[in-house]
2 protein chains.
Amino acid sequence: MNNKEKLRKAGLRPTKQRMIIADILLDGINRHFTAENLQNEINSSGNSMSIATIYNCLKKFRNCGLIKQVESSKDTAIFDTNINQHHHFLDEETGELIDIENDEVNLRKLPKIPQGYLNNGVEVLIKIKKQI
Amino acid sequence: MNNKEKLRKAGLRPTKQRMIIADILLDGINRHFTAENLQNEINSSGNSMSIATIYNCLKKFRNCGLIKQVESSKDTAIFDTNINQHHHFLDEETGELIDIENDEVNLRKLPKIPQGYLNNGVEVLIKIKKQI
DNA sequence: AAGTAGTTTAGAACGATTTTAAAGTAAATA
DNA sequence: TATTTACTTTAAAATCGTTCTAAACTACTT
């Protein structure tokens, strides 16, 4: 399926701007990035785009499940093109994230989900620190 | 041990402002809060404090291990008085966090920590969604 | 009591993100 | 095809959480 079809299937109009972003993000390669990272990539591909559009687009892509947003207490939002359930190492000093594939973690026991709620995904974060 | 001693032991001078905050936070009750939440509590206890002082103090308390900062992609930093290793449910729509005690989760298998790094804590986040 | 090192403060500054409102574009309709 | 309508993009301003600045203050040491 090409990117135009992917956007249509997600319920998003394939505008010029969304196609530029889709061409960068939806190539099957897993990556972590910020809005600013993406703007730099767009610029160096010879295009340009308002930062507001980039934020709008990332929010739409995330809400449609085309990308994910990583849970991490950094001051900048970090997005992830790997939409499968998976986990991360986090170096808290640098903010660097490293993927952990789902089958590398085995959760034997999980608590009962609170009454009235549904499980919407489990994320394991292993905080790591550079050895001195 | 009283709060003055706790601060001293952590290497922090027990100033008037730090004592006010310690009296609110270090009562053994687990809670999640933001800097603004804390300022409101301080105000309603008849005291007042610059927001800069509150941020300074929370950062010092966190760095000394008196409180924790929760990993979550909310736009506001969330702190936690529960300093034991534990986990959370997160309602992504409201940002509400619910504690999961450590013994309610059993991690059977964890990946190898990357070369040159040390494990600095494992956090499990179970994202939940209100049933409709 | 005097010195000094650490702390608090208001307000300015900052950086990420969102809002605004006007102009532009894609899709639907006639 | 022309027209209409709803959605999208944009630059710039606004907002929000957080940090910085530098001057006044305070805890501890001598």
Side-chain angles (χ1 to χ4, degrees), chain A residues 2-24 32-43 45 47-64 66-67 69-79 92-93 95, chain B residues 2-24 32-43 45 47-64 66-67 69-80 92 95:
Chain A
N2 65 30
N3 287 336
K4 197 169 222 167
E5 288 168 339
K6 281 185 197 163
L7 292 179
R8 281 240 158 76
K9 198 178 154 208
L12 298 177
R13 282 190 185 175
T15 64
K16 181 166 154 269
Q17 288 81 355
R18 287 176 185 161
M19 285 301 293
I20 291 169
I21 292 181
D23 287 345
I24 292 172
H32 304 120
F33 62 96
T34 65
E36 201 193 350
N37 294 157
L38 181 57
Q39 189 171 46
N40 291 337
E41 273 204 75
I42 291 166
N43 290 340
S45 78
N47 294 291
S48 80
M49 205 176 296
S50 161
I51 191 71
T53 303
I54 292 172
Y55 276 105
N56 284 341
C57 187
L58 288 175
K59 224 193 271 188
K60 292 261 184 191
F61 276 33
R62 181 198 61 200
N63 293 343
C64 295
L66 292 170
I67 61 174
Q69 185 170 356
V70 180
E71 297 291 339
S72 122
S73 65
K74 286 225 62 189
D75 45 1
T76 310
I78 298 172
F79 296 89
E92 291 184 294
E93 269 149 41
Chain B
N2 65 30
N3 288 335
K4 197 170 221 166
E5 289 168 340
K6 281 184 197 165
L7 292 178
R8 280 240 159 75
K9 199 179 154 207
L12 298 176
R13 282 193 186 173
T15 64
K16 181 166 155 269
Q17 289 78 355
R18 286 175 185 163
M19 285 300 293
I20 291 170
I21 291 181
D23 287 344
I24 292 173
H32 305 118
F33 61 96
T34 64
E36 201 195 350
N37 294 157
L38 181 56
Q39 190 171 44
N40 291 337
E41 273 203 76
I42 291 166
N43 290 339
S45 78
N47 294 292
S48 81
M49 206 176 293
S50 160
I51 191 70
T53 304
I54 292 172
Y55 277 105
N56 284 341
C57 187
L58 288 175
K59 225 193 273 188
K60 292 262 185 192
F61 276 33
R62 182 197 60 199
N63 293 344
C64 295
L66 293 171
I67 61 174
Q69 184 170 355
V70 179
E71 297 292 339
S72 119
S73 65
K74 285 226 64 189
D75 43 2
T76 309
I78 297 173
F79 296 89
D80 192 338
E92 290 184 294

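In this text, all values refer to a predicted model and were calculated from it rather than measured experimentally. Labels below follow one simple rule: chain letters A, B, ... track the order of the sequence lines, proteins then strands, and each chain is numbered from 1.
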Trainee: Taking NZ from Lys59(A) and C1' from dT8(D), how many angstroms apart are they, rounded to a whole number?
Mentor: 14 Å
Trainee: Judged by each residue's nearest nucleotide on DNA chain C, which is more toward the 5′ side, Ile54(B) or Asp75(A)?
Mentor: Ile54(B)
Trainee: If you look at every strand shown and take non-hydrogen atoms under 4.0 Å, does Thr15(B) touch a base, only sugar-phosphate, or nothing?
Mentor: sugar-phosphate
Trainee: Atom CD of Gln17(A) and atom P of dA11(D): how far apart are they, to the nearest Å?
Mentor: 10 Å
Trainee: Which sits closer to the 5' end of DNA chain D, Lys60(A) or Ser50(A), going by the nucleotide each is nearest to?
Mentor: Lys60(A)
Trainee: Look at the side chain of Arg18(B) and the backbone N and O of Arg13(B), then say whether any donor-acceptor pair between them is shorter than 3.5 Å.
Mentor: yes
Trainee: Heavy atoms, side chains only, cut-off 4.5 Å: are Leu7(A) and Leu66(A) in contact?
Mentor: yes
Trainee: Atom NZ of Lys4(A) and atom P of dA27(C): how far apart are they, to the nearest Å?
Mentor: 8 Å
Trainee: With a 4.0 Å limit, can you tell me whether Arg8(A) has a side-chain N or O closer than that to the phosphate oxygens OP1/OP2 of dA27(C)?
Mentor: yes
Trainee: Checking Asn37(A) side chain against Thr34(A) main chain: does a donor-acceptor pair fall under 3.5 Å?
Mentor: yes
Trainee: What are the two closest non-hydrogen atoms of Glu71(B) and Glu92(A), and how far apart are they?
Mentor: OE2-OE2, 2.9 Å
Trainee: Rounding to an integer number of Å, can you tell me how far Arg13(A) CZ sits from dC7(D) C1'?
Mentor: 4 Å
Trainee: Can you tell me the distance, in whole Å, between the CZ atom of Arg18(B) and the P atom of dA27(D)?
Mentor: 11 Å
Trainee: Would you indicate which nucleotide in dA27(C), dT9(C), dT17(C) comes nearest to any side-chain atom of Thr53(B)?
Mentor: dT9(C)
Trainee: Figure out the OH/P separation between Tyr55(B) and dT21(D), and round it to whole Å.
Mentor: 18 Å
Trainee: How long is the span from the CD1 atom in Ile78(A) to the NE2 atom in His32(A), to the nearest 0.5 Å?
Mentor: 8.0 Å
Trainee: To the nearest Å, how far apart are Asn40(A) CG and dA16(C) P?
Mentor: 11 Å
Trainee: In whole Å, I'd like the distance from the CG atom of Leu58(A) to the C1' atom of dT8(D).
Mentor: 15 Å
Trainee: Consider the side chain of Glu36(B), meaning its heavy atoms from C-beta on, and name the nucleotide among dT17(C), dG17(D), dA27(C) that approaches it most closely.
Mentor: dG17(D)
Trainee: Checking contacts here: which listed nucleotide (dC20(D), dA12(D), dC28(D)) is nearest the side-chain heavy atoms of Ala52(A)?
Mentor: dA12(D)
